[in-house]
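First comes the structure, then the notes that go with it.
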Amino acid sequence: MGFLSVLSMAHKLVKERVSPGDTVIDATCGNGVDTRFLAELVGKRGAVYAFDIQAEALERTRARLAGGDGGVTDKPGAEAAVHLVHASHAAIAEHVAPEAHGRAAAAMFNLGYLPGADQSVITTPAGTLAALDAALALVRPGGIVTVVLYPGHPGGAEEAEAVQQWAASLPQTTAQAVLYRMVQKAEAPYLVAIEKR
Ligand SMILES: C[S@@+](CC[C@H](N)C(=O)[O-])C[C@H]1O[C@@H](n2cnc3c(N)ncnc32)[C@H](O)[C@@H]1O
């Protein structure tokens, strides 16, 4: 049968904690898979903030949301307010509505580069850690931050290690952190998930 993929596990953990009407964040929208997933979860009364530093990623996400095969227009979540933000996730707090601060249900990070685009444009440890701090402040108690890490590309292992250390150093009174990883495959993507207390 096999275990859930890292991406499916991230979706499962988020789905268990997000309800219609919630505000959620996609910190790295890329191809828009997670943005669409989040839009469907929160539905027409919800809001999704999706960030990327590449205009191409925002275009791909917009196209995925707009419909066609796999779009959301035929799904209950089609009307969710999706804010596509062309900015670094390090600036998340500046773009999320003040009334949602401390109330967001989830923030998803999928690090690394945009497949099929310039692979030198990647997330970096400093920016990612700043964004993770901001995301954890934005989510509500019981809310979740998921981070998919890619130790297999140049710079990815250092970033993954930094994120893991960041998660491990969180006080247990602030958050609980778990790791989901194929222990026989050192270079395979893996997941760190943080639930805020
Ligand atoms: C692996 S892709 C994300 C995949 C996406 N979650 C999906 O579902 O298709 C990583 C994305 O992070 C973006 N990125 C890199 N640095 C960033 C930053 N500082 N802030 C926001 N996005 C960033 C890249 O442009 C790329 O599109």
Side-chain angles (χ1 to χ4, degrees), residues 4-15 18 24-42 48-72 75 77 80 82-96 104-138 144-160 162-163 166 180-181 187-194:
L4 279 182
S5 73
V6 163
L7 297 176
S8 297
M9 180 57 98
H11 282 199
K12 174 177 160 58
L13 294 174
V14 167
K15 193 173 182 179
V18 171
V24 291
I25 296 156
D26 183 351
T28 51
C29 68
N31 284 317
V33 175
D34 294 333
T35 304
R36 189 187 94 185
F37 162 74
L38 289 167
E40 290 171 1
L41 278 185
V42 301
V48 185
Y49 291 87
F51 294 80
D52 209 290
I53 51 171
Q54 295 194 75
E56 185 179 346
L58 298 170
E59 279 314 310
R60 291 187 195 182
T61 299
R62 189 172 285 118
R64 189 177 293 276
L65 291 166
D69 187 28
V72 294
K75 303 260 176 70
V82 180
H83 306 271
L84 295 176
V85 186
H86 190 188
S88 170
H89 45 217
I92 281 180
E94 294 167 31
H95 294 277
V96 173
M108 300 187 74
F109 289 73
N110 188 338
L111 303 180
Y113 56 82
L114 180 62
D118 182 353
Q119 296 194 0
S120 69
V121 182
I122 54 171
T123 52
T124 61
T128 298
L129 294 186
L132 285 170
D133 279 330
L136 195 56
L138 287 171
I144 190 163
V145 177
T146 60
V147 195
V148 175
L149 300 154
Y150 295 85
H153 69 74
E158 292 75 12
E159 184 178 41
V163 170
W166 171 85
Y180 183 69
R181 185 169 195 176
E187 299 214 328
Y190 66 100
L191 172 70
V192 170
I194 301 106

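The residues of the chain are indexed from 1 along the displayed sequence. In listed order, ligands and their atoms are each counted from 1.
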If you scan protein heavy atoms around atom 2 (S) of ligand 1, the nearest is Tyr113 O, 3.4 Å

The answer for which part of Cys29 has a heavy atom under 4.0 Å from ligand 1 is backbone

Using a strict 4.0 Å cut-off to heavy atoms of Gly32, name the atoms of ligand 1 that fall inside it. 7 (C), 9 (O)

Between atom CG of Leu58 and atom CG of Leu84, what is the distance when rounded to the nearest 0.5 Å? 6.0 Å

Once you measure the plane-to-plane angle for Phe37 and His11, does it fall in the parallel (<30°), tilted (30-60°) or perpendicular (>60°) bin? parallel

Among protein heavy atoms, which sits nearest to atom 19 (N) of ligand 1, and what does the distance come to when rounded to 0.1 Å? Ser88 OG, 3.0 Å

Ser88 and its side-chain contact (heavy atoms from CB on, under 4.5 Å) partner, picked from Asp52, Ile53, Thr123, Thr28: Ile53

Positive for side-chain contact (heavy atoms from CB on, under 4.5 Å) with Thr146, one of Leu191, Ile194, Val192: Leu191

Hey, what do you get for NE2 (His153) to CD (Glu159), rounding to the nearest 0.5 Å? 6.5 Å

Honestly, for Ala131 the part within reach of ligand 1 (heavy atoms, under 4.0 Å) is neither

How far is atom 26 (C) of ligand 1 from its nearest protein heavy atom, and which residue and atom is that? Asp52 OD2, 3.5 Å

To the nearest 0.1 Å, how far is atom 10 (C) of ligand 1 from its closest protein heavy atom, and which atom is that? Asn110 O, 3.2 Å

Tell me which one of Thr123, Thr28, Ile53, Val121 gets a heavy atom nearest to atom 3 (C) of ligand 1. Thr28

Within-4.5 Å side-chain heavy-atom neighbours: Glu56 and Glu59: no

Give me the residue, atom name and distance of the protein heavy atom closest to atom 20 (N) of ligand 1. His89 N, 2.9 Å

Hey, is OH on Tyr113 packed in by over 12 heavy atoms from elsewhere, all under 6.0 Å? no

Close approach, Gly112 and ligand 1, non-hydrogen under 4.0 angstrom: yes

Taking the six-membered ring for Trp, are the ring centroids of Tyr49 and His95 within less than 6.0 Å of each other? no

If we set the cut-off at 4.0 Å for heavy atoms, which region of Thr35 has an atom near ligand 1: side chain, backbone, both, or neither? neither

With nothing but distance in play, are any N or O atoms of Pro115 less than 3.5 Å from an N or O of ligand 1? no

Is Asn31 reaching over with its side chain to a backbone N or O of Val33, donor-acceptor style, under 3.5 angstrom? no

In ligand 1, the atoms that come under 4.0 Å of a heavy atom of Ala27 are 21 (C), 22 (N)

Does Val148 have a heavy atom less than 4.0 Å from any atom of ligand 1? no

Minimal non-hydrogen separation, Ala104 against Ile25, with atom names: CB-CD1, 4.3 Å

Name the closest protein heavy atom to atom 9 (O) of ligand 1, giving the residue it belongs to and the distance to 0.1 Å. Asn31 N, 2.9 Å

